[in-house]
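Residue numbering restarts at 1 for every chain, and letters A, B, ... go by the order of the sequence lines.
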There are 2 protein chains.
Amino acid sequence: MAENTSGSEGLLFLTDEQLRKGIEAMFFAYRGFTADPDRILEGMDYGRAHHRAIHFINRTPGLTVSNLLAILGVTKQSLNRVLRTLFDDGLVEARVGRTDKRERRLHLTDKGQALERALSDAQRARMRAAYRAAGPQAVQGFRTVLEAMMDPEMRRQYLREEGL
Amino acid sequence: MAENTSGSEGLLFLTDEQLRKGIEAMFFAYRGFTADPDRILEGMDYGRAHHRAIHFINRTPGLTVSNLLAILGVTKQSLNRVLRTLFDDGLVEARVGRTDKRERRLHLTDKGQALERALSDAQRARMRAAYRAAGPQAVQGFRTVLEAMMDPEMRRQYLREEGL
DNA sequence: GGAATTACGTCAGCCTTGTTGACATTGTCG
DNA sequence: CGACAATGTCAACAAGGCTGACGTAATTCC
């Protein structure tokens, strides 16, 4: 009962209309995707940019500023503004690299981990609900299409478990 | 070789790790998704906000400002800044509503349609490539999960073909 | 017919988060 | 030692969100 997205086996029928629906699905879904963390962050002095930094520092503790810059794809000035507030508020700490002392290895503090958990709990809850509603095959397809939609460089970031 | 996202039939194994991957997939994929239009728009005086307005005016010619506000979820002040430039540049035109003269029915001009086509061609090309790479079943799953991830209100917007 | 409401526009000011450019510091490496 | 790399920082600017307040025209309600 999920075999007829395409006209015939293996041949997708990709009308502009089908593609437009896919485009709008991305647009509306991304809004839902960010809605819960946004709600948590509003009122605190933080925004989505802080969320992103916190997420990736949590994912890969000890990553360097350069690593994070590459992942986020913003300028260092922009990232620095965000990191500074996270340092000041004691959510993130930087440890000097032991082999290369120029590097600053980023870690979440306990306080930072607490916020990370609050944010990702909310986001995971929505993702889990969507997965459950859609079923296992849908989940596989979801991930496959998203992966194919990434820029190759980002796909590498995504696939590499060690974000370094 | 794509049947084992779930532990067993029908039961999703939703570890936090699996969910985290889904979250990051959304993040990286959305970047790819917007990259091509962004490239086209940079240099012109327009940005993503203009793209969104153009997209939905094209999808539903004759929609009112209120309709568009509801779809985009921004304030009228914010939308107006965007619409004004689109009027001034002759990409969008507003026709007074025939039943209710307070309404302004929005339409793309030929020039607006040309830009719309350039933008959506780029975005569709990526979407099509991703769909092809992933296959029909994946496409079905992709749409199903995205739909489940939307806020209910947005899902209504998404499903309603007439965006009015 | 007059009052309330609706659709829309606009002025003003603020915030976040992105940008560029220039420059300083400190550490690594050949 | 000198070039280069990793990082931070100051300054200025832009896009695109936001709130609040106000104005006008058209519709609707009593």
> Rounded to the Å, how far apart are Arg48(B) CZ and dA15(D) P?
Replying inline: 15 Å
> Once you round it to whole Å, what is the distance between C1' of dT19(C) and CG of Leu41(B)?
Replying inline: 17 Å
> Looking just at side-chain N and O atoms, do Asp88(B) and Thr85(B) make a donor-acceptor pair shorter than 3.5 Å?
Replying inline: no
> Nearest nucleotide by nearest heavy atom, which residue falls closer to the 5' end of DNA chain D, Arg102(A) or Gly97(B)?
Replying inline: Arg102(A)
> Between dG17(D), dT17(C), dG27(C), which nucleotide has the shortest distance from any of its atoms to the side chain of His50(A)?
Replying inline: dT17(C)
>> Could you tell me how far apart Asn80(A) (CG) and dT25(C) (C1') are, to the nearest whole angstrom?
In response: 14 Å
> How is Thr99(A) classified with respect to the nucleic acid when contacts are heavy atoms under 4.0 Å: base, sugar-phosphate, or nothing?
Replying inline: sugar-phosphate
Any N/O pairs under 3.5 Å between the protein and nucleotides 18-22 of chain D? List them or say none.
{"from": "dC18(D)", "atom 1": "OP2", "to": "Thr75(B)", "atom 2": "N", "distance (Å)": "2.7"}
{"from": "dC18(D)", "atom 1": "OP2", "to": "Thr75(B)", "atom 2": "OG1", "distance (Å)": "3.0"}
{"from": "dG20(D)", "atom 1": "O6", "to": "Gln77(B)", "atom 2": "NE2", "distance (Å)": "2.8"}

> Side chains of Ile23(B) and His55(A): closer than 4.5 Å at any heavy-atom pair?
Replying inline: yes
> When you check the gap from the basic side-chain N to the acidic O, do Arg126(B) and Asp151(A) get nearer than 4.0 Å?
Replying inline: yes
> Which nucleotide in the set dG18(C), dG16(D), dT7(D) lies at the smallest distance from any side-chain heavy atom of Ala49(B)?
Replying inline: dG16(D)
> Do the side-chain N or O atoms of Arg98(A) get closer than 4.0 angstrom to the phosphate oxygens (OP1, OP2) of dG27(C)?
Replying inline: no
>> In this structure, how many angstroms lie between the C1' atom of dT19(C) and the CG atom of Leu79(A), rounded?
In response: 14 Å
